Amino acid sequence: MPTEITRQQARRLLIRAQGLDGAWAPAPDPCGTADVIRRLGYVQIDTIAVVERAHHHTLWTRQPDYQADHLDAVQGPLRQAFEYWYPAASYVPMEHYRFCLPRMRSGPGWTRSSQQVVEAVLERIRAEGPLSSADFEAPPDFERKGWWSWKPAKRALEHLFTTGELMVSERRNFQRVYDLAERVLPSHVDTTCPSDAELGRFLAREALQSLGVAGEGNARWRGGDRILLGQGLRDLAEAGEAVPLRLEGLRRGDWYARPDDLARADDPLDDEPRLHILSPFDSAVIHRNWLKILFDFEYSLECYVPQEKRRYGYFVLPILWGERFIGRLDAKADRKEAVFLLQRLEFEPDAAPGGELFQALAEGIWRLARFNGCDAVSAVEIVPESYGAALAQALERR
């Protein structure tokens with residue numbers, strides 16, 4: 001019979017698996033950054049920059065001394081991570097390369113491009129070395145009509161990137177610089193394509209490591225990969241690497257955890273709750289339905305909806321306090337004035353904040369402000385308004 005666990009136990013497993021309990025101690029250098037990427041399994045990339053971009057934010061949350069040039073070194077000279085669709089654009093540990101091969105070999109998908117343009121782009125990179133999209137001119141009659149309306153060379157670059165013929169050698173001013181895969185991929189990397197069974201077990205181990213409780217119902221994978229994950233979890237259970245679970249309140253779904261993780265499910269996380277202001281693309285919150293199930297926290301990113309339909313703000317950061325989400329912060333870094341704007345900070349109805357929480361939140365806000373290059377904090381709107389004075393006092397005390 002499957003082991004039954006409570007939602008509190010599942011929350012603790014997730015928080016530990018995500019390194020949000022303070023137990024991780026990554027070195028304050030690029031090797032420490034690479035270790036965080038390995039532990040998480042991937043770090044999602046995003047372009048929105050009202051605060052520090054999602055990949056930097058996610059790494060900084062686990063590595064307090066993180067600096068953006070750490071990631072540059074991990075991707076560039078150290079070659080310990082590479083970029084790929086995982087399934088969203090992500091930094092991925094280099095040792096995971098072979099498990100991306102099935103997708104690379106399945107075809108270009110939506111990135112299909114003119115074969116003539118593809119060959120011309122590939123020939124230039126072969127002859128000239130690493131190039132970015134900016135190194136290719138658009139045709140005189142080209143007119144961009146939307147976000148995904150790329151010039152032909154850019155579409156060819158993405159086509160070659162998706163099929164694995166090109167890799168991202170580095171980023172310059174956040175722009176991808178592409179090179180031939182054989183000039184980027186370290187010689188020691190395994191390039192044998194995994195079988196379906198191998199891929200399934202790999203996905204299962206990664207899910208268990210990064211989520212604590214894993215199943216097809218909280219996976220970021222889709223389609224065939226989701227099916228392989230499910231079989232992989234069953235295979236690990238048969239081998240004793242995973243324990244089948246039933247989760248409190250859920251009648252459907254097969255769930256699993258690693259035996260050693262499950263043995264600690266009743267252990268409190270810490271004597272004092274930790275506060276984290278997370279990126280919307282942080283791997284701890286990217287599974288919105290899972291957040292609702294485990295934390296009763298309904299969260300969505302509203303930058304993709306019209307302004308008049310937004311409830312909380314443009315780029316809202318969820319706030320984790322111990323084992324609960326207690327609020328949402330719509331923040332903006334005014335880098336010109338070096339001011340970190342709390343455009344709207346709204347507490348959850350059951351947050352019941354007191355002095356300890358206000359102090360921890362103020363410290364978290366100041367840390368995030370400094371990480372964003374700001375030396376001042378300005379609170380525009382606090383909800384409920386009655387909490388404003390206490391938070392302002394805590395912010396002044398730092």
Side-chain angles (χ1 to χ4, degrees), residues 33 36-37 40 42-63 66-72 75 81 83-92 132-134 144 146-150 154 158 161 168 170-177 220 276-288 291 297-320 325 327-346 364-365 367-374 377-378 380-381:
T33 301
V36 171
I37 297 173
L40 292 176
Y42 74 93
V43 172
Q44 188 163 327
I45 302 169
D46 194 68
T47 60
I48 298 173
V50 291
V51 295
E52 188 60 84
R53 287 189 170 98
H55 40 288
H56 296 308
H57 189 160
T58 297
L59 290 164
W60 167 80
T61 298
R62 280 86 177 168
Q63 186 186 18
Y66 171 79
Q67 299 174 25
D69 60 3
H70 290 172
L71 186 56
D72 294 338
Q75 180 179 33
E83 290 187 37
Y84 198 62
W85 300 107
Y86 209 67
S90 302
Y91 289 101
V92 185
S132 70
S133 175
R144 187 168 185 180
W147 182 258
W148 300 108
S149 176
W150 292 334
K154 170 63 174 174
E158 290 299 313
F161 169 72
V168 178
E170 62 176 319
R171 283 194 178 241
R172 296 176 190 159
N173 299 321
F174 197 58
Q175 299 302 306
R176 284 173 168 169
V177 179
R220 67 194 308 261
H276 297 287
I277 304 172
L278 300 173
S279 165
F281 297 97
D282 192 293
S283 50
V285 298
I286 201 66
H287 307 283
R288 312 300 196 211
L291 274 189
F297 183 65
E298 197 157 342
Y299 171 69
S300 62
L301 187 56
E302 299 179 334
C303 60
Y304 301 120
V305 302
Q307 183 173 353
E308 63 273 13
K309 293 185 178 181
R310 292 174 193 152
R311 167 69 177 84
Y312 297 103
Y314 176 76
F315 198 69
V316 173
L317 314 178
I319 305 172
L320 179 67
F325 284 91
R328 308 157 196 257
L329 172 60
D330 183 26
K332 180 179 180 180
D334 182 343
R335 295 175 178 90
K336 183 177 180 181
E337 300 297 329
V339 176
F340 195 73
L341 299 172
L342 312 183
Q343 298 186 124
R344 181 183 177 90
L345 170 58
E346 182 162 345
I365 288 170
R367 284 192 64 242
L368 186 57
R370 295 187 181 104
F371 180 61
N372 278 269
C374 299
V377 172
S378 176
V380 178
E381 183 179 11

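Everything quoted here is computed from the prediction, not taken from an experiment. Just so you know, these numbers use all the heavy atoms, side chains as well, and skip hydrogens, waters and symmetry mates.
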- Query: Are Trp60 and Gln67 close enough, and set up right, to give a side chain to side chain contact (heavy atoms under 4.5 Å, CB included), and what steps lead you there?
  - Reply: CA-CA 8 Å; Trp60 167 80; Gln67 299 174 25; over 6 Å; no

- Message: Let's go through Glu83 and Arg171 carefully: what are the C-alpha distance in whole Å and the side-chain angles of both, what is the deciding distance for salt bridge (Lys or Arg N to Asp or Glu O under 4.0 Å) to 0.1 Å, and is it a yes or a no?
- Response: CA-CA 10 Å; Glu83 290 187 37; Arg171 283 194 178 241; 2.8 Å; yes

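Without hydrogens or angle criteria, Asp282 side chain to Ala284 main chain gives a donor-acceptor distance under 3.5 Å. His56 contributes no side-chain N or O that, together with a main-chain N or O of Arg53, makes up a donor-acceptor pair within less than 3.5 Å. In this structure a side-chain-to-backbone donor-acceptor pair under 3.5 Å is missing from His276 to Gly364. Listed for the Asn173 side chain is no donor-acceptor partner under 3.5 Å among the backbone atoms of Gln175.
Proximity of Phe297 to Pro318: side-chain heavy atoms (C-beta onward) are separated by under 4.5 Å at one or more points. Side-chain atoms of Val316 and Leu329, non-hydrogen and from C-beta on, never get closer than 4.5 Å to each other. Using a 4.5 Å cut-off on side-chain heavy atoms (C-beta onward), Thr58 and Thr61 make no contact.
Rounding to the nearest 0.5 angstrom, the gap separating the OH atom in Tyr91 from the CG atom in Leu71 is 4.5 Å. For the atom pair SG (Cys374) and CG (Leu368), the distance works out to 9.0 Å, reported to the nearest 0.5 Å. Annotation: the span from Ile365 atom CD1 to Leu345 atom CG amounts to 5.5 Å, rounded to 0.5 Å. Taking SG of Cys303 as the start and CG of Asp46 as the end, the distance is 7.5 Å to the nearest 0.5 Å. Put simply, CZ on Phe174 and CD1 on Ile45 are 6.5 Å apart, with the number rounded to the nearest 0.5 Å. The line from CZ of Arg310 to CG of Asp330 is 8.5 Å long, rounded to the nearest 0.5 Å.
Judged as a salt bridge (charged side-chain N to carboxylate O under 4.0 Å, His left out), and not counting sequence neighbours, Lys332 has no contacts. Phe315 pairs by the ring-ring contact (aromatic ring centres under 6.0 Å, His included) definition with nothing, not counting sequence neighbours. The ring-ring contact (aromatic ring centres under 6.0 Å, His included) search around Tyr84 returns Phe161, not counting sequence neighbours. In terms of the side chain to side chain contact (heavy atoms under 4.5 Å, CB included) criterion, residue partners of Ala81 (sequence neighbours excluded) are, by chain and number, Ile37, Val74. The side chain to side chain contact (heavy atoms under 4.5 Å, CB included) search around Ser300 returns Glu302, not counting sequence neighbours. Applying the ring-ring contact (aromatic ring centres under 6.0 Å, His included) criterion to His287, with sequence neighbours excluded, gives no partner residue. Residues forming a salt bridge (charged side-chain N to carboxylate O under 4.0 Å, His left out) with Glu346 (at least two apart in sequence, or on another chain): Arg311, Arg344. For Gln44, the side chain to side chain contact (heavy atoms under 4.5 Å, CB included) partners are Tyr42, Ala88, Ser90, Arg220, Phe281, Ile286, not counting sequence neighbours. Annotation: ring-ring contact (aromatic ring centres under 6.0 Å, His included) contacts of Tyr304 (sequence neighbours excluded): none. With sequence neighbours left out, Glu52 forms a salt bridge (charged side-chain N to carboxylate O under 4.0 Å, His left out) with no residue at all. By the side chain to side chain contact (heavy atoms under 4.5 Å, CB included) test, Glu337 pairs with Asp334, Val339, sequence neighbours left out. Listed by chain and residue number, nothing satisfies the salt bridge (charged side-chain N to carboxylate O under 4.0 Å, His left out) test with Glu308 (two or more places apart in sequence, or in another chain).
In this structure, Ala49 and Arg335 approach most closely via the heavy-atom pair O-NH1, 2.9 Å. Considering every non-hydrogen atom in both Ala331 and Leu317, the closest pair reads CB-CD1, 4.3 Å. Closest non-hydrogen pair, Ser283 versus Leu40, comes out as OG-CD2, 3.8 Å. The nearest pair of heavy atoms linking Arg288 to Pro280 is NH1-O, 2.9 Å. Summarising the geometry of Phe325 relative to Leu278, their closest heavy-atom pair is CE2-CD1, 4.1 Å, with the distance given to 0.1 Å.
In this structure, Arg176 does not pair ionically with Glu170, as no charged nitrogen and carboxylate oxygen lie closer than 4.0 Å.
Both cation-pi conditions hold for Arg328 and Tyr312: the charged atom is under 6.0 angstrom from the six-membered ring centre and inside a 45 degree cone around its axis.
Side-chain contact check for Gln343 and Glu381: no donor-acceptor pair (N or O, by modelled atom type) lies under 3.5 Å.
Ring to ring, Tyr66 and His55 are not that close: their centroids are 6.0 angstrom or more apart.
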